[in-house]
There are 2 protein chains.
Amino acid sequence: MAGIEEVAKLAGVSTATVSRALSGKDHVSAKALAAVQLAASELGYVVSHSAYTLATGRNRNIGVVMPRVDRWFFSTVLEAAETELISNGYDLTLYNLRGGDNQRSQVFQEFLLRGRVDAVLAVAIQPDKDEIAALDRLGKPIVGIGGIIPGARTIEMDDFAAGKLATEHLISLGHTKIANLSGEILTNWEFNQPGLRRAGYLEALKNAGIESKEAWQVMGDYSIPSGYRAAKQLLGDPRNAPTALFCNSDEMAIGAILAAKDLGLRVPQDVSIIGIDDHDFAEFFGVTTITQTVSAQATFAVRTILDLLSDPDLGSHVNVDQNTVWPSELIVRSTTARVNS
Amino acid sequence: MAGIEEVAKLAGVSTATVSRALSGKDHVSAKALAAVQLAASELGYVVSHSAYTLATGRNRNIGVVMPRVDRWFFSTVLEAAETELISNGYDLTLYNLRGGDNQRSQVFQEFLLRGRVDAVLAVAIQPDKDEIAALDRLGKPIVGIGGIIPGARTIEMDDFAAGKLATEHLISLGHTKIANLSGEILTNWEFNQPGLRRAGYLEALKNAGIESKEAWQVMGDYSIPSGYRAAKQLLGDPRNAPTALFCNSDEMAIGAILAAKDLGLRVPQDVSIIGIDDHDFAEFFGVTTITQTVSAQATFAVRTILDLLSDPDLGSHVNVDQNTVWPSELIVRSTTARVNS
DNA sequence: CTGAAAGCGCTTACAG
DNA sequence: CTGAAAGCGCTTACAG
């Protein structure tokens, strides 16, 4: 692999000039520029990344930390983030935290601090104060998606408002028997998104003077099968069946639709179902939902990071409290309708 | 951020001793070891990655290249690969090629050669000879999943055999009207997996003396909606409806099941449906399928890479032709049955 | 505009 | 077992 020295020799200039010509940061005579470019392409020269990083302290690489990747939300974030990063010449290093608590602390205490990343994008992860402080000391920005991180910039949809809006939509259609299919919080470093959405749901019920029932507040795992199972249980109960389901994800809503069909119930005539996400498949299944525009959120988060990184007077202590509430919209499709009374 | 020098000073030894003590590669007196460890943990010392790489030429980082990440197959590979890598102290740098041809060549000609990765895992991507040669010259192994790459190590299920087996299963149940829902090849650097599976399908038909029909060979995109649409079209045709569907993915099979139901057809009494993958949701929907054990494939591929990298006499020219045929199994669930004649 | 040289923070023969 | 020193391959003040 050709190094800068060989390029310099071939071009008949110094390595300093090669560096300047290729980076484009400093002026170089047209003649030198041409000679360097020719030599570089002839030798197939590519800047050694570690030398570049060691000399400049910049990595052109950001770390993305998420609890898992094999779920729609996460893979969608990843896809959008990578696309935005690569088009800016940045690499993306992925850390999934499937390994649990140990892996999580290994990532934060070692991987992120080795100086391989310039910044971190935390997806649906709640870093603690010490972890943020450590990044801060190194001058590394951390931006979060999916919840509020005290002491850092975050982007999140208003989960409480979304839960409330979804429920109000059902109430406005005359429903009073409304169940909420939510999610579990598995670790102490995940956001309480299920709790916030449920709180919005309960608030909407209370405002409308509708009594809430414990039995109608059930747990799923955001997947189609879990939505199916929970909905079948709820809708199959002969004495206690709700007429409407508010699901925390479109996948669970899709599962619920299938469960209703299998019970011989018509959607939306017999049961109304609303999700959250605006998943790729939502339109196809006609799911009424609340948008999250996940790709756009991820792209925005990456741009925020890139902007911070290109700020010339970014010192240490770069992270500040700042939450951007991401707009959500209700999209009414064909799975919700006036209650059949 | 404390450097090795500060640790050396605090421990009262040279930087060489610190390096040796921390890496554990060379013997160090118990006393020095203790002093270094204490000093390092006191200062929160973490080895600078770029300095380590520049000095050693090793990155402890591998690049994963895939056409996209927001599909089950890819996110599952990614999840498994990351889990295996991180537990070996390796990072994973993700390159998705959603940006098309330009992005692809940028990745291969620039990103991969900057020396940031020690090896590459190519997922469902067909690098060309020059690209492999370039990696070879740098002594970087490339291992592929999802198809055969001439000149590199690969792991792939036998797509032809899988297509044949799926079709034979349907034939053995008495079906003769069998459609194949396959996928499109969008770029010239993707594998011809749809073609291979279809060839297996056609071979099985031929062996059984069953005539194949153009109209029963249709395209999808591996997703639930595309399976639904294609199946509805096929099964709704009053003169030409097949009695069995062989789908190239379980998601398409699930879509097909839903389409059949919506047409009032019973699965498997009226239509038999088989997929490929053994997707997370396959068991739930009772899909008869052919396993791919994707996670295990990805883990195996990563281990292959790690083994190569730890081989002390790995020089340049590390890539050789070598394909491992990954075993597949037929799992008969409840979506296939004897033809209703 | 350009070059010589220091420096980024490690690792590792080489001596001892 | 340990230290002094060279070297990894760049970038960037500093002079000119």
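Note that the structure is a prediction, hence the values are computed from the model and not measured. Every chain is numbered from 1 and lettered A, B, ... according to where its sequence line falls, protein lines coming before strand lines. Basis for what follows: all heavy atoms, side chains included, without hydrogens, waters or symmetry-related copies.
Not a single donor-acceptor pair under 3.5 Å links the side chain of B:N96 to the backbone N or O of A:E82.
Dashed line: the shortest gap from a side-chain N or O of B:S14 to OP1 or OP2 of D:dG3 is under 4.0 Å.
Looking only at atom types and distance, the side chain of A:D128 has no donor-acceptor partner in the side chain of A:W189 under 3.5 Å away. In summary, the side chains of A:D91 and B:Y95 do present a donor paired with an acceptor at a separation below 3.5 Å, with no hydrogens or angles considered. Under the 3.5 Å distance criterion, with hydrogens and angles disregarded, no donor-acceptor pair is assigned to the side chains of A:R114 and B:H49.
Atom CG in A:L22 sits roughly 14 Å away from atom P in C:dT2 (whole-Å rounding). To the nearest angstrom, C1' of C:dA4 lies 12 Å from CD of A:E5. The nearest whole Å value for the distance from the CG atom in A:L138 to the P atom in C:dG9 is 12 Å. The distance between atom CZ of A:R116 and atom P of C:dG9, rounded to the nearest whole Å, is 17 Å. The CG atom of B:L43 sits 15 Å away from the C1' atom of C:dG9 (whole-angstrom rounding). Rounded to an integer number of Å, the gap from A:L113 CG to C:dG9 P is 16 Å. Summarising the geometry, the separation between NZ on B:K31 and C1' on D:dT2 is reported as 12 Å, rounded to the nearest angstrom. Residue A:K9 contributes atom NZ, which lies 13 Å from atom P of D:dC10 at whole-angstrom precision.
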Map every base of DNA chain C to its dot-bracket character, where paired means a Watson-Crick or G-U wobble contact with both distances under 3.5 Å and | marks a partner outside the strand. |||.||||||||.|||

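For the salt bridge (Lys or Arg N to Asp or Glu O under 4.0 Å) test, no residue two or more places apart in sequence or in another chain qualifies with B:D118. Residues meeting the side chain to side chain donor-acceptor pair (under 3.5 Å) test with A:R20, sequence neighbours left out: none.
If B:L54 and B:D26 are placed on DNA chain D by their nearest nucleotide, the residue sitting closer to the 5' end is B:D26.
Nucleotides D:dT12 and D:dG16 place their C1' atoms 16 Å apart, quoted to the nearest Å.
Sorted by first and then second residue, the salt bridge (charged side-chain N to carboxylate O under 4.0 Å, His left out) pairs involving residues 66-81 of chain B (not counting sequence neighbours) are A:R98-B:E79, B:R68-B:D70, B:D70-B:R98, B:R71-B:D221. For the side-chain hydrogen bond (donor to acceptor under 3.5 Å, both in side chains) condition, the pairs that include at least one residue of residues 145-154 of chain A, sequence neighbours left out, are A:T154-A:N323.
One finds a salt bridge joining B:E131 and B:R104 here, because a Lys/Arg side-chain nitrogen approaches an Asp/Glu carboxylate oxygen to under 4.0 Å.
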Treat primed atoms plus P, OP1 and OP2 as sugar-phosphate and everything else as base, then score nucleotides 11-16 of chain D 5' to 3': B for base contact with protein heavy atoms under 4.0 Å, S for sugar-phosphate contact only, - for none. BBB---

